[in-house]
Amino acid sequence: MTERSTVDEIRARFDADVERFSNLDTGQATAIDARLMLDLLAEATAAVTPHARDVLDIGCGAGNDTLRLLQELPGLRADLVDLSRPMLDRAVERVGAVAQHAPTAIQADIRDLDLGECRYDLVVTGAALHHLRTEAEWEAVFASVHRALRPGGSFWVSDLVAHDIEAVQARMWQRYGATLADLRDEAYRDHVFAYIAREDTPRSLVYQLDLLRRVGFRSVDVLHKSSVFAAFGGVR
């Protein structure tokens, strides 16, 4: 079994990779249809919650999700959460340059953060939840987000996902490997697969949709799925 990375090791990897994530078009180079999912989340969010005032961005990285949201909803006030201080600093710089309200930076592990109740109209997260590991962690984070949303608020996710049927998982993983090799080469594919094995425990799209319903979201929907990446969400 692959030895799992600690939170500090994951933080250090992202601390050293700020520049790559500081681009709306190429920041998620290893994600299939990353820019499309970014656009779909922003557009769906604006359609479902057009009068939103407050947004929480979980695992904000260099701020791409909030930046894209601000193109649709320029009056948002943003709370930005990330493990990495350098990522947060870059996100605050980039978001602060275009937002009407100065963003708030929160350096924390979402598993340890009290989000309060009815504080946000929107919660978004891009390529972050796959770092959750146990069933208890997944349920606790989804329930915490549900409590933090105001009635009618929405939660939107774009992320790496697994598949519950073993043969489908194997085939989709093979396709993803081919995509990574085409993006650069087989050594790059092996590098990405290695840190996924150490760091990540993605759950299936079906699992996460069921979990959204279980913690109380009244409506859920899928915006996009391609191979091992998906964009989806729910409305409280």
Side-chain angles (χ1 to χ4, degrees), residues 7-8 10-31 34-131 141 144-145 147-150 152-159 223 231 233:
V7 171
D8 286 341
I10 295 171
R11 180 188 297 113
R13 184 170 74 81
F14 285 103
D15 283 353
D17 210 9
V18 173
E19 292 305 319
R20 177 166 72 90
F21 287 96
S22 300
N23 187 300
L24 283 173
D25 293 312
T26 62
Q28 288 285 354
T30 61
R35 182 57 203 250
L36 174 60
M37 291 196 295
L38 191 68
D39 290 340
L40 289 173
L41 255 69
E43 292 165 13
T45 296
V48 172
T49 324
H51 304 298
R53 304 187 309 274
D54 299 287
V55 60
L56 172 69
D57 188 343
I58 297 171
C60 68
N64 288 338
D65 284 282
T66 295
L67 284 168
R68 183 63 185 84
L69 270 178
L70 287 168
Q71 294 176 6
E72 305 290 333
L73 299 169
L76 286 174
R77 292 183 289 263
D79 285 355
L80 308 175
V81 177
D82 205 272
L83 280 174
S84 168
R85 187 75 242 178
M87 283 288 191
L88 273 173
D89 290 342
R90 181 61 59 84
V92 167
E93 175 187 358
R94 296 172 74 216
V95 171
V98 299
Q100 296 176 12
H101 307 280
T104 299
I106 306 168
Q107 185 180 6
D109 186 326
I110 192 61
R111 291 167 290 198
D112 301 327
L113 191 60
D114 181 359
L115 300 181
E117 297 186 15
C118 298
R119 293 176 57 188
Y120 300 103
D121 303 295
L122 301 171
V123 179
V124 297
T125 180
L129 297 185
H130 61 260
H131 293 299
V141 168
S144 179
V145 168
R147 287 193 300 271
L149 284 166
R150 296 172 181 134
S154 56
F155 176 35
W156 298 99
V157 180
S158 63
D159 212 341
L223 305 178

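In this chain, residues are counted from 1 in sequence order.
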[Y] and [X], any side-chain heavy atoms less than 4.5 Å apart:
| X | Y | answer |
| --- | --- | --- |
| R35 | D39 | yes |
| V123 | L115 | no |
| I110 | L113 | yes |
| L83 | F14 | no |

Practice item. Report the C-alpha separation of S158 and L38 in whole Å, then their side-chain angles, then the decisive distance to 0.1 Å, and conclude whether the side chain to side chain contact (heavy atoms under 4.5 Å, CB included) test is met. Key: CA-CA 8 Å; S158 63; L38 191 68; over 6 Å; no
Nearest-0.5 Å distance that lies between atom [atom1] in [X] and atom [atom2] in [Y]:
| X | Y | atom1 | atom2 | value |
| --- | --- | --- | --- | --- |
| L76 | L56 | CG | CG | 12.0 Å |
| Q71 | E43 | CD | CD | 10.0 Å |
| L73 | L122 | CG | CG | 6.5 Å |
| W156 | T49 | CH2 | OG1 | 7.5 Å |
| L149 | S154 | CG | OG | 7.0 Å |
| E72 | T45 | CD | OG1 | 9.0 Å |

N/O donor-acceptor pair under 3.5 Å between [X] side chain and [Y] backbone:
| X | Y | value |
| --- | --- | --- |
| D57 | L80 | no |
| R85 | Q107 | no |
| R147 | G116 | no |
| D54 | D121 | no |
| D159 | H130 | yes |

Taking every non-hydrogen atom, the tightest pair across [X] and [Y]:
| X | Y | answer |
| --- | --- | --- |
| Y120 | D79 | OH-OD2, 2.5 Å |
| V81 | A108 | CG1-O, 3.8 Å |
| L70 | A99 | CD1-CB, 3.9 Å |
| A42 | R68 | CB-CG, 3.6 Å |
| C60 | L88 | SG-CD2, 3.7 Å |
| R119 | D114 | NH1-O, 4.0 Å |

Review point. In chain order, what residues pass the side-chain hydrogen bond (donor to acceptor under 3.5 Å, both in side chains) check against D8, with sequence neighbours excluded?
Key: R11
